[in-house]
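Only one structure is covered here, and it is reproduced in the block below.
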Number of protein chains: 2
Amino acid sequence: MNDAPRISRQFSLCMVMEAIVHCGPISRASVAKQTGLSKQTISEIARQLEDDGWIRETGRTSGHVGRSAVTYEIVPDAACIATIDLGGTKVRAAIADLSCQVLAEVTEPTDERGGLHVVRQIARLCREAAEHNGIAYEKLRMAVVGVPGVPDPQHGRVVMAPNVSGFDTLDVKAALGAELGVEILLENDVNLAAIGEHWIGSATGVDDLAYIALGTGIGAGVMVGGTLVRGFGNAAGELGFLPFGTDPFEAESLKVGALERVTGTVGIRRRYQEIAGRGLDVPGIFDAAGKGDAAALQVLEETARYVARAVASICAITNPGKVVLGGSIGGRAELVNRVREFLPQCFPYPVEIGVSELGSRVAIVGGAAVGLTHLHTTLFAGGVPGAEISLPPAKVVKLVEAAQ
Amino acid sequence: MNDAPRISRQFSLCMVMEAIVHCGPISRASVAKQTGLSKQTISEIARQLEDDGWIRETGRTSGHVGRSAVTYEIVPDAACIATIDLGGTKVRAAIADLSCQVLAEVTEPTDERGGLHVVRQIARLCREAAEHNGIAYEKLRMAVVGVPGVPDPQHGRVVMAPNVSGFDTLDVKAALGAELGVEILLENDVNLAAIGEHWIGSATGVDDLAYIALGTGIGAGVMVGGTLVRGFGNAAGELGFLPFGTDPFEAESLKVGALERVTGTVGIRRRYQEIAGRGLDVPGIFDAAGKGDAAALQVLEETARYVARAVASICAITNPGKVVLGGSIGGRAELVNRVREFLPQCFPYPVEIGVSELGSRVAIVGGAAVGLTHLHTTLFAGGVPGAEISLPPAKVVKLVEAAQ
DNA sequence: TTTAGTTCGTTCCATTACCGAACTAATTAC
DNA sequence: GTAATTAGTTCGGTAATGGAACGAACTAAA
């Protein structure tokens with residue numbers, strides 16, 4: 001019955017892997033110092049890991065006093081995961097390998113026919129991305145899909161996703177799983193964005209944070225103590241339903257959200273239309289404000305006030321150390337500066353407001369973080385409680401430039 | 001160097017303790033089945049625990065087929081913690097023992113001189129509570145103090161606590177530590193309330209929840225995944241600063257909070273005064289509403305709407321499975337029913353709204369939960385990551401009636 | 001009352017995992 | 001070349017655990 005290694009061994013193995021992942025090529029002696037385990041144990045574990053193909057010798061040290069040491073590193077392509085950012089207009093896919101490199105990504109317009117067509121498109125993109133990087137497809141262990149809606153873990157579908165047709169009835173998880181032959185993890189794209197910024201974006205080291213995405217609508221990914229807040233029904237971060245901006249008790253507010261009505265694309269354009277008497281798209285309004293258009297300036301300022309109030313709401317409830325703004329309009333300086341100005345006027349504690357550093361790749365990076373954590377855990381922690389490999393810090397991870 | 005037991009032993013020991021704490025008097029054979037460890041290991045660990053005075057034989061099984069088994073149980077008074085609920089008008093103290101019994105409590109009016117006088121009062125109450133229950137004071141390992149403000153872990157003081165004078169400058173933690181001679185843990189009282197309701201109140205089994213306290217002010221304790229959200233500056237749950245109710249950009253709102261201005265005692269009384277032209281205290285207004293007073297009814301309904309919006313805000317951000325209302329006015333049926341009516345009108349997802357079951361003892365119970373978890377962890381988990389003893393579920397724990 | 005069947009708990013032994021000391025090997029500083 | 005230093009292996013010794021075997025204690029039924 002007991003052919004599995006003892007938990008203490010699994011624990012040690014996990015520590016060794018963490019040291020190797022974090023500290024790049026490293027000698028066994030250094031690992032011993034870092035983990036506190038004896039040299040003998042490290043050699044034993046290293047031998048086993050090398051036999052199983054997870055690590056390999058990579059060179060020798062030199063220049064220091066004393067005998068030169070053999071250094072070991074992760075075999076990057078021993079396993080990999082796919083990460084997909086599914087948007088209403090574009091799909092991005094990338095491969096991340098065991099060494100936590102996020103490899104070049106592939107982008108395409110989303111298949112407009114929706115449903116199963118999109119599932120097949122995603123599967124094809126994953127295969128292409130793997131091939132593109134010379135990675136054998138069999139090494140793929142799982143796929144993380146960021147979706148613009150609320151994943152329903154019960155039925156594997158995605159509810160509240162008006163931008164991708166057919167995903168509210170299709171069992172996406174099962175369909176894509178059958179297509180790719182690996183485990184699938186569905187996650188809200190804004191949640192992934194929060195995780196991405198936390199890993200290697202503008203919120204590294206801040207374990208309590210919120211990422212606010214401002215685009216077609218308004219949404220947030222909230223992290224507490226380094227963990228994502230998903231909520232009881234996976235619906236955490238639905239800022240559009242914050243009860244201000246418009247009367248929250250009107251029927252329309254119940255449908256699209258009181259705040260969404262004024263901070264969503266539609267709401268912003270309507271407000272400009274009402275004041276200026278002419279229509280413009282949102283980037284157009286922002287540009288007009290830059291040129292001194294009074295109506296546009298008013299709309300911009302109102303929007304910033306609403307966003308500031310949304311930030312204040314989050315701060316009043318979870319009190320994050322930093323709030324990162326992102327999304328197509330959330331990162332624009334004219335908005336961010338005004339939010340930075342208004343927030344201290346309606347919330348008394350100081351809160352740092354940052355801008356997304358990863359831009360359009362943020363969800364892909366977040367998906368990689370989730371997938372790699374899951375991969376490391378299943379491969380090396382073996383279900384031992386408390387045994388976890390944290391992802392290497394930002395400076396170790398390089399984002400390879402898109403090769404397409 | 002290595003006189004500490006191996007982590008695998010500590011891990012097993014932890015599992016054995018958890019089984020004994022959870023399953024009351026239990027035989028070693030049953031523990032073996034439950035933990036998956038061998039009978040031999042259990043006997044070894046049990047012998048050690050018995051030698052160290054943590055567990056004891058408590059009887060024998062009989063009636064079943066086969067040899068009768070010796071059953072073991074926790075030695076309840078092998079160690080205990082103190083839990084204190086410090087309010088503006090009253091101080092409560094109770095002792096909780098290793099077997100998770102919350103023993104009879106002691107209540108007194110808060111020493112009005114504040115500061116060090118209150119610290120001494122707390123220390124005296126702890127000694128009295130211990131004596132009251134025939135527990136040797138030396139068995140006390142730590143004290144958890146629920147305070148009506150924001151604990152500052154840096155300086156051991158309590159900021160934002162207008163109801164207890166002198167605590168904003170005094171190093172309460174150090175002073176009380178010196179007085180009692182044990183480790184002190186300061187925590188916001190509303191946070192403790194959330195933990196209390198989660199442990200043995202109306203939110204057992206709901207790991208994502210919020211407890212809203214409505215009394216002098218409005219505040220919340222938020223739990224995500226079974227863990228309390230403290231926030232970056234320990235200021236999570238400051239609902240008074242939610243940006244609606246009054247104009248959040250007014251100077252007054254920045255000082256006391258936009259929502260606090262209308263949902264706090266002062267705000268409710270002012271609103272009634274304005275409409276009815278006469279003054280009443282808040283319970284009086286509620287009673288008047290029950291008798292059909294139109295002005296009181298209007299104030300009550302407005303208040304319920306504000307609370308509903310506060311609940312909606314929490315739901316939009318952390319999406320808890322249940323929201324528990326408590327505090328001096330939060331538990332009143334006329335308010336709760338109206339909130340239950342208004343919430344679905346401003347928030348689209350269903351949210352369960354409950355009422356505090358523990359009433360005025362909720363913070364004491366929450367403090368006990370925190371203290372006992374800490375106690376179990378330090379005594380038996382010995383700093384091993386992942387080794388944790390969860391508190392026994394509600395049905396195992398009996399709340400002894402107050403003996404005073 | 002006896003006996004069969006069952007469960008409890010102990011003893012004994014093999015295995016795994018680990019540490020530490022002693023030792024060999026390789027490299028630099030002088 | 002020699003001393004100093006660091007890397008890595010070999011060789012006991014110990015802690016933790018599982019499993020088999022066995023005696024002890026108990027119930028139920030013959």
Side-chain angles (χ1 to χ4, degrees), chain A residues 1-17 19-20 23 25-51 55 57-73 380-382 384 387, chain B residues 1-17 19-20 23 25-51 55-72 380-382 384 387:
Chain A
M1 173 202 172
N2 216 44
D3 49 349
R6 292 263 204 291
I7 74 151
S8 59
R9 186 35 159 269
Q10 199 72 35
F11 209 89
S12 304
L13 190 144
C14 198
M15 286 206 289
V16 172
M17 274 310 286
I20 298 178
C23 306
I26 185 174
S27 73
R28 281 170 289 178
S30 303
V31 173
K33 264 179 217 153
Q34 222 183 287
T35 58
L37 299 167
S38 71
K39 289 190 291 180
Q40 194 267 357
T41 303
I42 303 299
S43 284
E44 220 172 89
I45 291 173
R47 192 158 25 245
Q48 193 195 317
L49 284 170
E50 195 174 7
D51 287 348
I55 64 171
E57 289 187 20
T58 187
R60 304 185 73 90
T61 60
S62 69
H64 297 288
V65 174
R67 178 175 173 179
S68 76
V70 177
T71 55
Y72 287 81
E73 65 172 8
F380 306 116
V384 178
Chain B
M1 172 203 172
N2 217 43
D3 49 350
R6 292 264 207 288
I7 75 152
S8 59
R9 198 8 138 12
Q10 199 72 35
F11 209 89
S12 304
L13 190 145
C14 198
M15 286 207 290
V16 172
M17 274 309 289
I20 298 178
C23 306
I26 184 175
S27 73
R28 280 170 290 179
S30 303
V31 175
K33 264 180 217 152
Q34 222 182 288
T35 59
L37 299 168
S38 73
K39 289 190 290 178
Q40 195 267 357
T41 303
I42 303 299
S43 285
E44 219 172 90
I45 291 173
R47 190 158 27 245
Q48 194 195 319
L49 284 170
E50 196 175 7
D51 286 348
I55 63 172
R56 66 183 174 205
E57 290 188 20
T58 188
R60 304 184 74 89
T61 59
S62 69
H64 298 288
V65 173
R67 178 176 172 178
S68 75
V70 177
T71 56
Y72 287 82
F380 306 117
V384 178

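Just so it is clear, the structure is predicted and the values come from calculations on it, not from any experiment. Each chain gets a letter, A, B and so on, in the order the sequences are listed, and its residues count up from 1.
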[X] [atom1] to [N] [atom2]: how many Å, rounded?
{"X": "Ile26(A)", "N": "dA7(D)", "atom1": "CD1", "atom2": "P", "result": "11 Å"}
{"X": "Leu37(B)", "N": "dT16(C)", "atom1": "CG", "atom2": "P", "result": "18 Å"}
{"X": "Arg47(A)", "N": "dA17(C)", "atom1": "CZ", "atom2": "C1'", "result": "14 Å"}
{"X": "Gln48(A)", "N": "dC18(C)", "atom1": "CD", "atom2": "C1'", "result": "14 Å"}
{"X": "Phe11(A)", "N": "dA15(D)", "atom1": "CZ", "atom2": "P", "result": "21 Å"}
{"X": "Arg60(A)", "N": "dA25(C)", "atom1": "CZ", "atom2": "P", "result": "14 Å"}
{"X": "Ile7(A)", "N": "dG18(D)", "atom1": "CD1", "atom2": "C1'", "result": "14 Å"}

If you check the [X] side chain, which of [options] turns out closest?
{"X": "Val65(B)", "options": "dG9(C), dA28(D), dT27(C)", "result": "dA28(D)"}
{"X": "Gln40(B)", "options": "dC19(C), dC12(C), dC26(D)", "result": "dC12(C)"}
{"X": "Lys33(A)", "options": "dC8(C), dA7(D), dT5(D)", "result": "dA7(D)"}

Original post:
Is there a side-chain contact between Cys14(B) and Val384(B), using heavy atoms and a 4.5 Å cut-off?
Top reply: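 Cys14(B) does not reach Val384(B) side chain to side chain.
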Original post:
Touch check for Ile42(A), heavy atoms < 4.0 angstrom, all strands: base, sugar-phosphate only, or nothing?
Top reply: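 If one applies the 4.0 Å heavy-atom cut-off, Ile42(A) turns out to touch nothing in the nucleic acid.
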Original post:
Base, sugar-phosphate alone, or nothing: which one does Glu44(A) contact when heavy atoms must sit under 4.0 Å apart?
Top reply: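 Since no nucleic acid heavy atom lies under 4.0 Å of Glu44(A), the category is nothing.
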May I ask you to evaluate whether [X] reaches the phosphate of [N], defined as a side-chain N or O under 4.0 Å from OP1 or OP2?
{"X": "Ser43(A)", "N": "dG8(D)", "result": "no"}
{"X": "Arg9(A)", "N": "dC18(C)", "result": "yes"}
{"X": "Arg28(B)", "N": "dT10(C)", "result": "yes"}
{"X": "Ser38(B)", "N": "dG18(D)", "result": "yes"}
{"X": "Ser12(A)", "N": "dC18(C)", "result": "yes"}
{"X": "Ser8(A)", "N": "dA17(C)", "result": "no"}

**OP:** With DNA chain C as reference, determine whether His64(A) or Lys39(A) sits nearer its 5' end, using the nearest nucleotide of each.
**Re:**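 So the residue in question is Lys39(A).
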**OP:** Could you pick out which residue, Thr41(A) or Val70(B), lies toward the 5' side of DNA chain C when each is mapped onto its nearest nucleotide?
**Re:**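 Comparing both residues, the 5'-ward one is Val70(B).
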Counting distance only, does the side-chain N/O of [X] pair as donor-acceptor with the main-chain N or O of [Y] below 3.5 Å?
{"X": "Gln10(B)", "Y": "Phe380(B)", "answer": "yes"}
{"X": "Ser68(B)", "Y": "Ser62(B)", "answer": "no"}
{"X": "Thr71(B)", "Y": "Gly59(B)", "answer": "yes"}

**OP:** Examine the side chains of Glu44(B) and Gln40(B) and answer whether a donor and an acceptor come within less than 3.5 Å of each other.
**Re:** yes
Subject >> Nearest-nucleotide comparison on DNA chain D, the residue closer to the 5′ end among Ser62(B) and Thr61(A) >> reply: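 Here Thr61(A) is the residue nearer the 5' end.
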Original post:
So which one's nearest nucleotide on DNA chain D is more toward 5', Ser68(A) or Gln10(B)?
Top reply: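 First, find each residue's nearest nucleotide; the 5'-ward one identifies Ser68(A).
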**OP:** Decide yes or no, distance alone: a donor-acceptor N/O pair under 3.5 angstrom between the base of dC26(D) and the side-chain of Arg67(B).
**Re:**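 When only heavy-atom distances are counted, Arg67(B) does not reach the base of dC26(D) through any donor-acceptor pair under 3.5 Å.
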**OP:** Test for a donor-acceptor pair under 3.5 Å between the base of dA16(D) and the side chain of Arg6(B), counting only N and O atoms.
**Re:** no
**OP:** Could you walk me through whether Met17(A) and Ile55(A) pass side-chain contact (heavy atoms from CB on, under 4.5 Å), step by step?
**Re:** CA-CA 9 Å; Met17(A) 274 310 286; Ile55(A) 64 171; 4.1 Å; yes
